[in-house]
Amino acid sequence: MSDTAVAAPEKLTKKQLSADHPTWCPGCGDFAVLASFFKVLEKLQIPQEKIVTIAGIGCSSRFPYFVNSHGLHFIHGRALPLATGVSLSRPDTHVFVFGGDGDGFSIGGNHLEHCARKNINLTYVIMDNYVYGLTKKQTSPTSRIGYKSKTDPTGAIDRPVNPMRKLISAGATFVARSHASQVKHMMAMYERAILHPGFSVVQTLSECVIFNPGSFDDSIPRKGGVFETIDEKKWDDTPEDAERHDVTNDVSAYQLAEDQYPGKFGVFYEEDRPTKNVLEQKWIDASQEKIGDAKAADLLRKRFAMMK
Amino acid sequence: MSDTAVAAPEKLTKKQLSADHPTWCPGCGDFAVLASFFKVLEKLQIPQEKIVTIAGIGCSSRFPYFVNSHGLHFIHGRALPLATGVSLSRPDTHVFVFGGDGDGFSIGGNHLEHCARKNINLTYVIMDNYVYGLTKKQTSPTSRIGYKSKTDPTGAIDRPVNPMRKLISAGATFVARSHASQVKHMMAMYERAILHPGFSVVQTLSECVIFNPGSFDDSIPRKGGVFETIDEKKWDDTPEDAERHDVTNDVSAYQLAEDQYPGKFGVFYEEDRPTKNVLEQKWIDASQEKIGDAKAADLLRKRFAMMK
Amino acid sequence: MTIAADEAPLKDSVDTSESSALPLEDLQDAVIRFAGNSQDGIQTVGGFLARLAGRSAREVMTYMTIPSTISGGPSIFQVHLGSGEVLSAGDDTDFLVAFYQHSYEDHLSSLKEGGICIYDTDFVEPDLTDKRYEYVGIPMTSTTIEAIGGSTKSRGKNLFVLGLITTIFQLDRKKLCEIIDRQFGKKDESVLRNAMLAFDAGYAYPIGDLFKNRYNLKAGLSEKTDRVTTDGNTALTYGLLAGGVRYGAGYPITPWSPIMEVLRSELPKYGGLFLQCEDELGAVSAALGYSFAGHLAVTGSSGPGLSLKMEALSYACMAELPLVVINVQRGGPSTGLPTSVEQSDLMQAIYGSHGDVPRVVLGPQDVEDCFHIALEACRIAKKYSTQVIILSDQALSSRIEVFEEPDWDVVVADDSSPDLTPRPEEFKPYPLDSLTQHAPPGTKMLGGKYPVVTGLEHDEWGHPSANPELHQKMTDRRREKIKQLQAELPMPEVFGEKSGEILLVGWGCTFGPLREAAGRLQDAGRKVSHAQIRHLHPLPADLGSLFEKFEHVLVAELNDQGLYGNGQLATLLRSAYCNPAIKSITKTDGLTFKIREIVAGVDHHTQISS
Amino acid sequence: MTIAADEAPLKDSVDTSESSALPLEDLQDAVIRFAGNSQDGIQTVGGFLARLAGRSAREVMTYMTIPSTISGGPSIFQVHLGSGEVLSAGDDTDFLVAFYQHSYEDHLSSLKEGGICIYDTDFVEPDLTDKRYEYVGIPMTSTTIEAIGGSTKSRGKNLFVLGLITTIFQLDRKKLCEIIDRQFGKKDESVLRNAMLAFDAGYAYPIGDLFKNRYNLKAGLSEKTDRVTTDGNTALTYGLLAGGVRYGAGYPITPWSPIMEVLRSELPKYGGLFLQCEDELGAVSAALGYSFAGHLAVTGSSGPGLSLKMEALSYACMAELPLVVINVQRGGPSTGLPTSVEQSDLMQAIYGSHGDVPRVVLGPQDVEDCFHIALEACRIAKKYSTQVIILSDQALSSRIEVFEEPDWDVVVADDSSPDLTPRPEEFKPYPLDSLTQHAPPGTKMLGGKYPVVTGLEHDEWGHPSANPELHQKMTDRRREKIKQLQAELPMPEVFGEKSGEILLVGWGCTFGPLREAAGRLQDAGRKVSHAQIRHLHPLPADLGSLFEKFEHVLVAELNDQGLYGNGQLATLLRSAYCNPAIKSITKTDGLTFKIREIVAGVDHHTQISS
Ligand SMILES: Cc1ncc(C[n+]2csc(CCOP(=O)(O)OP(=O)(O)O)c2C)c(N)n1
Ligand SMILES: Cc1ncc(C[n+]2csc(CCOP(=O)(O)OP(=O)(O)O)c2C)c(N)n1
Ligand code: SF4
Ligand code: SF4
Ligand SMILES: [Mg+2]
Ligand SMILES: [Mg+2]
């Protein structure tokens, strides 16, 4: 998403942005995602009526109820195509999609891919808890092998999706990874995602304390894990810089995503490619230029003359 | 697919394997795919009644009618999950799926991805003509930018899917690319795919002479193009070998797939990973071992005793 | 190269004197069937004839079949030209033009006794001993090749035949040349030249020895000579544009694709756009995204694709988002008969989504009506924030008819941009007592509280709630607003008396055959009336009392009689009115009704019960 | 740690003497509602009581609500225990156990006049001036904490209450201990110990001063004390296993998920497997893959997921592949009320797919019937190579009932492996004149020609064809085989006379309330009968003549009255029989019928028309 720096007349505060108290379980990682989102919105001061939060179905997908903005709580797995409709037809709004790993990678996996290659201008936060939360503990496409769920009582056996790799290969133009236990990191990622013009995605590990407790301990320093962030190239010609990650290089981004447990955190990939929004608008502009100031009735009249 | 060397008592011939004369347009690339498939079957001598050809909807998806084997012509985009059901429940059969780029990458894109990560034991040939043939020339997910179709009268603008990258990142265990104008190459690819235990895919460029003529000329030597094959590592410790492609390395496979027009041909990736078929069977075996020779009635009786 | 008709390269030397010497027979109407292969361009010729009718105060209806193989195959195009009202493409034909032996063999039986079979002597050997018909053999292929010059092979045969027809029927050559010019003038220069060469070869062909007469199709009642000639898909598409649709999303499928293709090309001119999606689930979702964003949007498909949209349509009902949905029906179940006509998706249109989902279903009765139904669908969707499904079908989609140009100043919808006026503090998106539109993104909420549109049951403010009474009340709300629409629906026009022995009832593309059948039965002295139902759900409020005035209410539909002997509309009508006079005439052979099939159905039911 | 009941750590010193001194009142039945939060484990207690009933010749029916928030929230569990037939969970309650102030406030009105409200004095302050009820305050929380030791906080309160109920109702303490032991015995040793400590604290609680009576629930009619106690989802699941289902595929959704979870765990023991798919479209496709492969397979979901399966189900009809499909209905439209009961997917089950798609729809009427309907579905799917949709619902899915164990030697299906016997040369998969099964992969075709199963219309050999007559004949074939099934269906059991003033008709989970209502009206001297329809599509052949013998046929359903005043089953019945005596009693408040609502509906319709 882009074009966000327009300041609202009155200052937008967290208080204004808060709607219902979240119905998530105490301790759920999703609370921190919400809090970080509020903080970034406060910082960017997007006019309140221009914020649109859209979600499918899942614990995480209840997000729109907790944000006091225009919102839509859709059906399972289809939030992205719906958001595509909003983004393409209402360039004046800022479109955000929130959802879970099941919603995004299972039933919604194909929409994600096509949204990415078309580079639809919106920001998508996947709150990944490696489990189906709302339906109470079935294996999700990101569940680790061996994870015991109601649908894998002896442990999951299917190789999980690698979200970063999926997104990079699909053509998403901003691909990042963050962690609900790291508020500052989340904020930085969300801010960059929002400021990115195009399809920006931040996979955010968000612990389901009920059905998958401790799942991300490996990446939480205070639980003995390692939170390994990506060291991005600074283009400062120093020898250290040679070792750093070039976020514009999709092959190294792909390589960097190899190990996903606990994996690395930060921006994997960022590309400057025209959005579908811009490309379609170009066509609209060209068409309208051609017709001059013909009204709908004129266009129809002209077309029907051809059918005589 | 694996376990194919079982010879049938009478020799299987192309004649036996031919069913209806294909309804494809004269010159359609799909004819050559069919012919190559017949030749490979002749070579491998899979018992005729064990061959299962499955397809969705599209010109290419009419394939099953042209093969005299058990077949199923399903609905658009869902051939892979249907074939999954056959593969998992009938390990004695050899499951082949054929279809087009629209069927596989558009409406069926998500099933492809999940079939790949689960490593379902079957062979999938995508007859890619960069267009929707059956519905008469709409943009497909592999149509090149600028391609003029009925849905992109001024030329396609969306970045196309990169099939090799999609498949590699999704976790397919055999990923290859071939060309309907290169019968020997096709045969080699199909044979290796069939012999591979697990989910094997061969994207096969197959020209739609009606709606996308000349689309693959860049890769046809007699039309002035270049048919660039992948030089696979031979592990012979020669200096030349260092330059060759290691098909077991997913990152170099990914890199190799960067340029898709005309792109390279051959095996991009091959991995030895247990199939879901094997993993599920292990669980079945373990469960059955535990229950001894209890019959269904015994199992039910025992379970109901727990509900008293 | 653009050739005005009067500059057309028709050599003055073309000798039509010989054939013009034939006696003239006046015809009220004529049914001509061209039978060949899909590659022969017979659709083009049929289309030209239809367009000519539109320009020359005659009526027309066409009918075509599409081969099921990709590489093409046998195909027909039938044109019914008439000076009076032309309601169907004709059960039987007066003239058969047979290009190949298989065309001759498969279609000879479509000729009326005494009908004329015109065949290509280069390919057809007819059985001249069958004295029911007359035969005229013409070396169409070789004459065409000769006329154009060998290189283009048999291409152009269609225009040769058009020329032939022009001379046989005394058609307006000048107007036809204009039409040909418009079609081919934009292409390579040689294309138009060859077309005209072939046309002229046919026009000049010496028919004097072959035919007994030439024919004069009398001019029609309509004074207008500038009417529109087009097919149902096109009419529907422009109806949507006139109705204010600016955004759409879809996925290709026959016979829906042409609608999305034209929208994709046209919408940018109107400042909107059409999105080709990865599948139908994505398409209906994107379309709902436009609706949520404040636009009037369309999605559509044919049977299999509609099935895929059912979940999202259930959402649209709960969220009360406006949407126009097109289903161009084809033969089912499943992939079925993708290029044949059938009306078997009516129940799905009404009941296909899970839950109690009141929505609106409309069925256009002819090509012109495709335009007007689309307009009406737009109006209803907006006013009632509801989903309107338009059930067109394969026959309507490709059939060509002539009709008067709409009055654009009347029909074109006003400004269709989202309503972003700030909403007052007391604004409720789902008030229990009135219709409203939701507040789209970008709208300032003056009370400071922003709304979430949801598929969960909710209160008047759109807030999720599982309160039992509320669910009951909101279910009532969703039903009652559709009943409110019902109250304003007009009754269907009744052809014939408003009471009597038999009321023939139909919907959709069967309008013509039903009306013709009613006319024929009336002529035979029976008290038969006909009503075509365009508002299928809800039904117009007084329909039940109309039905009570007839001994038999016979509902003719192109779908199956089901487990209880009733077609789909008949099932609905019987359940709504519990009137045992309502009986079914159904069939599913992929073809439209013939007049005689309807008459037989009427006889069957009236004999059984009398 | 496994404690046999007689070794249970109930100290001999527990003093129950005081309370046992209370006078005993005999009860025929009792309705007890536990109202607390979902985290309090009241479901567990309810389940224990239900299981005890199964073991002690008593009848039981339960009812629970599920909070809609993930983190839990207010929830109730109601147990109706009786010595006679128990048909519903009870309109009103005799005893209310209120854990919190909100529980007390929200549920007090469920008590009958004179009913007893037992409340936790640690959390609830009742309004003792409301003299309609009696009040018994007990410090449940603090007593539990005291009994277990502070650390576990209020956990265990549920077992304290169970102990209390055991002493109040003179329940069989030994059997209850066995049941508790089975539940907790497998866990950590301390879990069982704490459970028993809490239970005993309740059991020993001095109730002498608080209650006027103790109660004696009389033993029931059934001699059996080894009956099965379980819920509808479980019964259905094992019915499928008994019926021969060995393969399944699905995607999670409430309240269908438990069925797939149990199948996933159980099927490997039977040599089969259950596949969790990426979505419902994949699931129905995989299930059809099993069918094609020669197995009997199942897929299922709840409303939204069923909508997604409609396209593939249309295919299954065309291809004639057998499949059992479960829909555990919930409140709609869309996500609706996912944890409430509704019967609004009936029309979709019958008509939700595009095209004319005859298929079978069954509705189980109680928990036991879930088992038997599943068996029947398996039999029908196989015999007719058809798709059978079982419409269960949220209420049946979680309701606990007691029933007799099936006779396994009778009900368990024979070998269910694919039929790979070589097919003779003349084999036709779709003969026009008889039922057949297709030849699955692996079958040798002795004629040398191998078949392709297709969704295109086809001839008797399965070969695609667009021939008009053939499409008609194959449509007939698909319809007639379902009519053949219809001819063999039994009539529904009629409770009461087979003719009279009123026939109450229902389907699915409303069986109990309808039968109770009929009984109550009969007691009041009215000629009321009741029939619950289990075969919803096709309907049993003679249903129409049964209906003709009643003045009023009142169809009670948990769905909306629609645009014409008829619920979904009523719509079907009216259209099939055109009998205006058929009228609707409907509601959509997410709750099951209360007896008095049905009685009111009966009064309404019979007053209107008499
Ligand atoms: C069509 C459909 N299928 C299934 C469901 C049930 N369902 C709701 S949420 C969900 C998955 C939730 O998992 P995830 O997306 O990871 O979100 P989380 O709850 O873990 O945040 C499922 C399967 C549904 N509502 N609709
Ligand atoms: C649900 C559904 N949507 C759409 C269609 C229409 N349709 C049939 S084939 C096809 C795409 C064909 O393209 P592709 O898969 O590339 O095959 P090709 O014809 O090019 O070989 C489409 C859109 C359908 N049959 N079913
Ligand atoms: S169930 Fe898990 S994901 Fe859902 S709200 Fe609770 S902790 Fe969060
Ligand atoms: S339309 Fe294209 S893809 Fe289809 S059969 Fe013809 S050449 Fe092949
Ligand atoms: Mg999740
Ligand atoms: Mg293609």
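Here the structure is a predicted model, which is why all the values come from computation and not from measurement. Only this structure's heavy atoms are used, side chains among them; waters, hydrogens and symmetry mates stay out. Naming convention: chains lettered A, B, ... in sequence-line order (proteins, then strands); numbering from 1 in each chain.
- With a 4.5 Å cut-off on non-hydrogen atoms, C/Arg330 does not touch chain D at all.
- With values rounded to the nearest 0.5 angstrom, D/Ser301 atom OG is found 9.0 Å from C/Glu311 atom CD.
- Using a 4.5 Å cut-off between heavy atoms, D/Pro464 makes no contact with chain C at all.
- A heavy-atom distance below 4.5 Å is not found between the side chains of C/Glu469 and D/Asp589.
- Between C/Leu308 and D/Leu281 the shortest side-chain heavy-atom distance falls below 4.5 Å.
- The shortest side-chain heavy-atom distance between C/Thr335 and D/Tyr315 does not fall under the 4.5 Å cut-off.
- In this structure, chain C has heavy atoms under 4.5 Å from both the backbone and the side chain of D/Thr588.
- Contacts of C/Asn579 with chain D are made by backbone atoms alone, with heavy-atom separations under 4.5 Å and no side-chain atom involved.
- D/Asn559 CG to C/Thr475 OG1: the interatomic distance, rounded to the nearest 0.5 Å, is 10.0 Å.
- Only the side chain of D/Gln486 comes within contact range of chain C, with at least one heavy atom under 4.5 Å from a heavy atom of that chain.
- If you measure heavy-atom distances from C/Ser340 to chain D, you find no contacts under 4.5 Å at all.
- Atom OG in C/Ser314 sits 11.5 Å away from atom CG in D/Leu306 (nearest 0.5 Å).
- Considering OG of C/Ser353 and CE of D/Met310, their distance stands at 9.5 Å, rounded to 0.5 Å.
- The shortest distance between side-chain heavy atoms of C/Pro333 and D/Arg478 falls below 4.5 Å.
- Side-chain contact between D/Tyr351 and C/Asp345: absent, with no pair of heavy atoms (C-beta onward) separated by less than 4.5 Å.
- Of the two parts of C/Asn566, only the side chain, counted from C-beta on, holds a non-hydrogen atom closer than 4.5 Å to a non-hydrogen atom of chain D.
- Looking only at distances, a side-chain donor or acceptor of D/Tyr564 sits under 3.5 Å from a matching main-chain atom of C/Leu539.
- With a 4.5 Å cut-off on side-chain heavy atoms, D/Leu337 and C/Leu456 do not count as touching.
- Side-chain contact between C/Gln472 and D/Lys587: present, with at least one pair of heavy atoms (C-beta onward) separated by less than 4.5 Å.
- Side-chain contact between C/Gln348 and D/Gln348 is absent, with no heavy atoms from C-beta onward closer than 4.5 Å.
- With hydrogens and angles left out, the side-chain atoms of C/Gln329 and D/His354 include no donor and acceptor closer than 3.5 Å.
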